[in-house]
Amino acid sequence: MQVTRRDTLALGLGAAALAALPLRAQTANANIEAAILDFTGDAELADGGVTLTAPEIAENGNTVPIKVEAPGASEILVLAAGNPNPQVGRFAFGPLAASQYASTRIRLAQTQDVIAIAKLEDGSFARTSQEVKVTIGGCGG
Amino acid sequence: MADGVKPRVRVPDEATAGEVIQIKTLISHPMESGQRRDDDGNLIPRSIINRFTVEFGGESVIDVALEPAISSNPYFEFEATVPSSGTFVFTWYDDDGDVYTEEKTVTVA
């Protein structure tokens, strides 16, 4: 079989498409890292000090109840690693907040890790994450 | 998107000084994520509430930055300290510039 100019082109395109696949995943990771960097300013993230409560299995990704808690924290950032846009919300607690907890409902496009990062009293940061299995995604469609 | 947006908050009417009270808030809003497409395949533009704040006597209780990943009819639950009689002011900021507010007065006996 002779390799024509057209075949070569097609091969090249195929290879490019293949190479682009992991690139997409990388972009999502880069988005999360950028969001974390923006919040922490590249500070070290300790384990513990922040609690994230989310269901193990969410039947409907459109409303997944979550609760974040970090005693003494001034701010808590919530991210969803597998969403088109990883940012979910940012909670800042004022002087009249009796406790540093908040609960809300979020959208999850697919099964993924939900991440909570808290800025603690002493200026350090704590991180936690939990995987939520999503039966029906909550991103339009 | 000012039609049908109705804030609802649950705050106790009375408290003792320094008491910790639980507050629940809900506002009816579609929180259009900007990811969905209409029947013709056109992207529906994003239209969400992007900020929610609670203040008591000018002091902040909570200040939340919302992203499209917050579910429609955003719901929040949190705790506040009541130092004295006063009013909680709840404010929601819409992408389209609308601002919705709700007030609740708490009496310290």
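Remember, predicted model here, so these are calculated numbers, not experimental data. Proteins come first, then strands; the chains are lettered A, B, ... in the order of their sequence lines, and each starts at number 1.
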*Answer yes or no: is there a side-chain heavy-atom contact under 4.5 Å between A:F91 and B:F76?*
yes

*Neighbour count >12 (heavy atoms, 6.0 Å) for atom CG, A:D47*: no

*asked:* For A:E131, I'd like to know if atom CD has over 12 heavy atoms of other residues, nucleotides or ligands within 6.0 Å.
replied: yes

*Given that the side chain runs from C-beta out, which part of B:S72 has a heavy atom under 4.5 Å from chain A: side chain, backbone, both or neither?*
both

*Among residues 58-71 of chain B, which ones touch chain A with a heavy-atom distance under 4.5 Å?*
B:E59, B:S60, B:V61, B:I62, B:D63, B:V64, B:A65, B:L66, B:E67, B:P68, B:A69, B:I70, B:S71

_Strictly less than 4.5 Å between heavy atoms, which residues of residues 7-26 of chain B line up against chain A? Please order them by number._
B:V20, B:Q22, B:L26

*A:A80 portion near chain B, given a 4.5 angstrom heavy-atom threshold*: neither

Starting from [Y], can I reach [X] by hopping between I/L/V/M/F/W/Y residues whose side chains sit under 4.5 Å apart?
| X | Y | value |
| --- | --- | --- |
| B:F56 | B:V89 | no |
| B:V108 | B:V54 | yes |
| A:I117 | A:Y101 | no |
| A:L45 | A:V50 | no |
| B:F90 | B:V82 | yes |

*Gap between atom OH of B:Y75 and atom OG of A:S103 - 0.5 Å precision*: 5.0 Å

*Which atom names give the shortest non-hydrogen contact between A:R107 and B:S33, and what distance separates them?*
NH1-CB, 3.7 Å

*What are the two closest heavy atoms between A:A98 and B:A80, and how far apart are they?*
CB-C, 3.5 Å

